[in-house]
Structure formats: structure tokens, C-alpha cells
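Okay, structure first, notes after.
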Amino acid sequence: MTEHDSIRAIRWQDHALLLLDQRKLPTEVTYLECHSAPQVADAIRDMVVRGAPAIGITAAYGVVLAAREHIARAAADWRQAIAPDLALLAEARPTAINLAWALARMRRVLEMNVPAPVDTLLQEARQIHADDINANRQMGQLGAALIEPGSAVLTHCNTGSLATGGFGTALGVIRQAWGESRLTGVYADETRPWLQGSRLTAWELLQDGIPVDLIVEGAAAALMQTGRIKWVVVGSDRIAANGDVANKIGTCALAVNARYYGVKFMVVAPASTVDMETASGTDIPIEVRGAEEILTLAGQPIAAAGAGAWNPVFDITPAELVDAIVTERGVVHRPTRAGMQTMMAASKPAQSQ
Ligand code: MRU
């Protein structure tokens, strides 16, 4: 199933990290070259790269760049010298737990005192990257199996190859379901204010030969009312121990509408997005970005001069509104704390529980 999966947003090439600049899509396809950890932290904060798993993978490569730079300066205390770089990476964006998760994996390598740390760190970053793609393919199969043939689906934000190591989470399920001829249609909402739906998801699906219809967020309830869609399929930036889900602003509204109109709601995310240390959604930090993202579009003012704006970029969907959480370790139906614990305890990809 590779014919609907051609895009890779993160590349390690000739000792540099190349990031597909998602601020410029869909009109320009250019890669930003990063040579230092502060550059990588800026790229994450400024949305050159975005999406929880992609942020984690990018930060892991950022640690490689940090170690290389400080070791090259022949600093005897290079392990201490890279601490500010690690802190910069960790602080780049607060909601996606994949960032802290990937940095913790890289820290474990740093603490191992291996003789060629840059090579070993690069190996670990590459492993994080490869594991993510494998997890996505596994989730694609588990999630697609839940979708009855002949269904249309609605997705939110961008959760595809652009947001991950490759293949995607929710968009991976859609890719897989499309490949299995289960889908009659794919709807994506625009995803204001950053337009991840219309700029990124639509571009990515069309690159891979999957047709898509865009709707404005306000049309989601009307679409559900028509009976055309059977599932809303979304990703997540962090899933709490009780199954509450943090995801792109607007996700909670979709879940509320879906329950009202009898549409099923699926969350697809790797185990690295599950944060069993966070008891519930109320404990998840929600990133609030600048008002200008709402008040302007492509640099042009679009709101009445003088208007203020509140711009939380994620929301929390309560577990009770979720029909299925799909990870590479298995599917949790109607998630509860106990169901999440059982799924996380599975070491290998599992069957539905
Ligand atoms: O602000 P973004 O574009 O980083 O938000 C991304 C999302 O909300 C995605 O749904 C989430 O990270 C999952 S990506 C596989």
C-alpha cells in the first residue's frame, strides 16, 4: 500500500535536517535546511514543521545537531553545554507530548556514555522516525477495519505524512481505507486559522491521488445531518490516562455534533501520544498563539481594525464522546482509564479490546 503515500516532510540529508516548509504549502514546495538545535526549535515554533509526531521526530534530529556542534567545539563538558539547546527544543510547543517523549528517548542515549555519540544519536533519531512510520501503517490497518465499506468520512486539521514520519495517523487510516475501496468520499474541514485542512490535507491527499471535498468548519453539523458521513477521524497531540483527547481547536465541537447526529468518532494516535502521567484533559497545557493568526490572512488584515482575538490552538474532547482510540498497540472502544491501561500494557500491536 505505497501508491497513496508519496510525501516525506522530514529528511536527514548530507549532515543537515531538511524540513518541508509547511508555511508555504500548497503554492511552494521548498525545504528549510537546519544545522543547529536553535534553528530546529524556531522551525517547530514557527510551524515550518507541525503535527505531534513530526514535532517529536524533528526534535530528535535537533538533538543530533546539538551534540555534533558542541562536540566539534571540543568542549570537554559538551554534555552540559547542550542542556540549553535541549531546553529550547522542549519549550518550542507545549501541547504535543511527542516532543517530550522523543527528547526523553534521546536523553537516554546521551546518558549512555557511548564512544561515538553523534552516530548513536543519529541512529536513535532515525529509529524514532522509522518506528513512527511503522506505527502509522499498523494504525492504518486497525482503523480502516472499523470503517464499513461504502462510508464517507470527515477529518480535521492535517494528520498525514506532513504531520508524522510518513503515512499519517488519522489520514493514514483514510489512506488505508481508500486503498481498500471502503470510502465513498473524504471531507476535510478548512481548520481555521492556520488552514491545515485546505492548505495541507487537501494538498497531501491530491498528491496521492485521493479526492477530497473541503468544507468550512461551520458546515460540519450540516454535513452530518445529511447522513453522508459515518465517521469523523482525527489525530491527537496528547491523550490523557482517562482517554480525554487534546487535538486541533474545533475537534471537540466535531465530537459533540457527531454524537448528536449518530456519527462515530475515531481518534488515531501512536502510543507516544498517550500520556499516562496526565490524569485527564484538564491537566493538558493548551497552546495559545498570537491574535494575528486570526486577524490576518497571508499577511493581509481580514478583521475590523481594533478587534481583539483569543486563539487557543487545541481543545479537549472528553473521552465519553470518543467511540474508538486507535494506536499501534490496539483499539480502545469507548475509552476509560482501565481500557487505556490495558492497551498501553500491550507491548506488541494487538487486536481490538
Ligand atoms: O498546530 P498543529 O498543526 O501542529 O496541530 C496538529 C494537530 O492538531 C494534529 O491533529 C495532531 O498533531 C496529530 S498529527 C498526526
Side-chain angles (χ1 to χ4, degrees), residues 5 7 9-10 19-23 25 43-59 92-102 129 131-133 135-140 143 154-175 188-201 203-204 217 232-239 245-255 265-275 281 284-290 293-294 311-317 322 325-328:
D5 179 29
I7 294 155
I10 307 167
L19 299 172
L20 178 53
D21 193 338
Q22 300 188 30
R23 299 167 304 181
L25 289 172
I44 294 172
R45 202 188 37 253
D46 297 343
M47 311 275 285
V48 171
V49 62
R50 27 69 49 205
I55 290 171
I57 295 162
T58 301
R93 289 189 76 189
T95 305
I97 191 65
N98 304 65
L99 177 56
W101 173 89
H129 196 164
D131 288 350
D132 186 63
I133 299 174
N136 289 340
R137 289 189 184 280
Q138 188 65 36
M139 292 187 287
L154 169 64
T155 191
H156 187 56
C157 195
N158 171 269
T159 61
S161 290
L162 292 170
T164 63
F167 198 73
T169 58
L171 218 57
V173 166
I174 289 171
R175 227 183 265 289
D189 55 31
E190 288 179 307
T191 319
R192 282 278 299 149
W194 218 73
L195 301 176
Q196 286 95 331
S198 46
R199 292 192 310 107
L200 307 180
T201 296
W203 180 78
E204 178 172 341
E217 260 110 317
V232 174
V233 190
V234 298
S236 175
D237 282 75
R238 193 184 301 213
I239 301 175
V245 172
N247 193 46
K248 180 52 55 194
I249 193 75
T251 302
C252 180
L254 289 177
F265 194 85
M266 186 193 308
V267 178
V268 188
S272 54
T273 299
V274 178
D275 180 6
I284 298 177
I286 297 292
E287 178 182 5
V288 178
R289 294 180 68 89
E293 290 186 352
I294 293 180
N311 187 19
V313 300
F314 299 101
D315 61 23
I316 304 295
T317 299
V322 176
I325 291 180
V326 177
T327 78
E328 74 277 24

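Atoms within a ligand are numbered from 1 in the order they appear, just like the ligands themselves.
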When rounded to the nearest 0.5 angstrom, what distance separates OG1 in T251 from CD in E217? 9.0 Å

Is ligand 1 less than 4.0 angstrom away from at least one heavy atom of C157? yes

Quick check on E287 - does any of its heavy atoms sit under 4.0 Å from an atom of ligand 1? no

Would you say R45's side chain and A92's backbone share a donor-acceptor pair under 3.5 angstrom? no

Among non-hydrogen protein atoms, atom 5 (O) of ligand 1 lies closest to K248 CE, 3.3 Å

In this structure, which one of V313, L162, T58 forms a side chain to side chain contact (heavy atoms under 4.5 Å, CB included) with R50? L162

Looking only at protein heavy atoms, which one is nearest to atom 14 (S) of ligand 1, and what is the separation? A163 CB, 3.6 Å

Any atom of ligand 1 sitting under 4.0 Å from a heavy atom of W194? no

Geometric N/O contact N158 with ligand 1, under 3.5 angstrom: no

What protein heavy atom lies closest to atom 10 (O) of ligand 1? Include the residue and the distance to one decimal. N247 OD1, 2.6 Å

Closest heavy-atom approach to atom 4 (O) of ligand 1 among H156, R93, Q22, R289 is made by R93

For the residue pair S236 and N247, confirm or rule out a side-chain donor-acceptor distance under 3.5 Å. no

Could you list the residues that satisfy salt bridge (charged side-chain N to carboxylate O under 4.0 Å, His left out) with R199, not counting sequence neighbours? none

Once you round to the nearest 0.5 Å, how far does CD1 of I284 lie from CD1 of I97? 8.5 Å

Tell me which protein heavy atom sits closest to atom 15 (C) of ligand 1, plus the residue, atom name and distance to 0.1 Å. T169 OG1, 3.1 Å

For atom 13 (C) of ligand 1, which candidate among S236, A54, A170 provides the closest heavy atom? S236

Proximal atoms of ligand 1 relative to F314 (non-hydrogen, under 4.0 Å): 1 (O), 5 (O), 8 (O)

Give yes if a backbone or side-chain nitrogen or oxygen of G51 is under 3.5 Å from a nitrogen or oxygen of ligand 1, and no if not. yes

Which ligand 1 atoms are under 4.0 Å away from a heavy-atom of Q196? 1 (O), 2 (P), 3 (O)

Taking atom types as modelled and ignoring hydrogens, do the side chains of D5 and S161 form a donor-acceptor contact shorter than 3.5 angstrom? yes

Spell out, as yes or no, whether a donor-acceptor pair under 3.5 Å connects the side chain of T191 to the backbone of C157. yes

Determine yes or no for a side-chain-to-main-chain donor-acceptor pair under 3.5 angstrom, with T155 supplying the side chain and V234 the backbone. no

Just which atoms of ligand 1 are under 4.0 Å from any heavy atom in A52? 12 (O), 14 (S)

Pair R192 + E293, salt bridge at N-O below 4.0 Å: no

Just jot down the ligand 1 atoms closer than 4.0 angstrom to any heavy atom of T164, in number order. 15 (C)

Check if D237 has a non-hydrogen atom at a distance under 4.0 Å from any atom of ligand 1. yes

